[in-house]
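Computation of the quantities below employed the complete heavy-atom set of this structure, encompassing side-chain atoms and omitting hydrogens, waters and symmetry-equivalent molecules.
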Amino acid sequence: MISGKELALQRKLKIEPIEGSYNSYTVNEKEKRDWSGNVYLACLAAILVIAFFT
């Protein structure tokens, strides 16, 4: 909140009761996978393969 702008973040939470306890829950956050690093790595590998065979 330093900049004064509020960002709307939507998080997906998974709430599960803890077995053997009364009124206790675990809260796990489901995160989307970030595939951008894998895409860049695949492009780099493809370029190296093309450079190797030419």
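Separation of atoms NZ (K14) and CG (N28) is listed at 7.0 Å; rounding is to 0.5 Å.
Side chain of S24 to backbone of S21: no donor-acceptor contact under 3.5 angstrom is found.
Under the 4.5 Å side-chain heavy-atom criterion for ILVMFWY residues, no single connected hydrophobic cluster contains both I47 and I50. When hydrophobic clusters are built by joining Ile, Leu, Val, Met, Phe, Trp and Tyr residues whose side-chain heavy atoms come closer than 4.5 Å, directly or via intermediates, Y25 is grouped together with L13.
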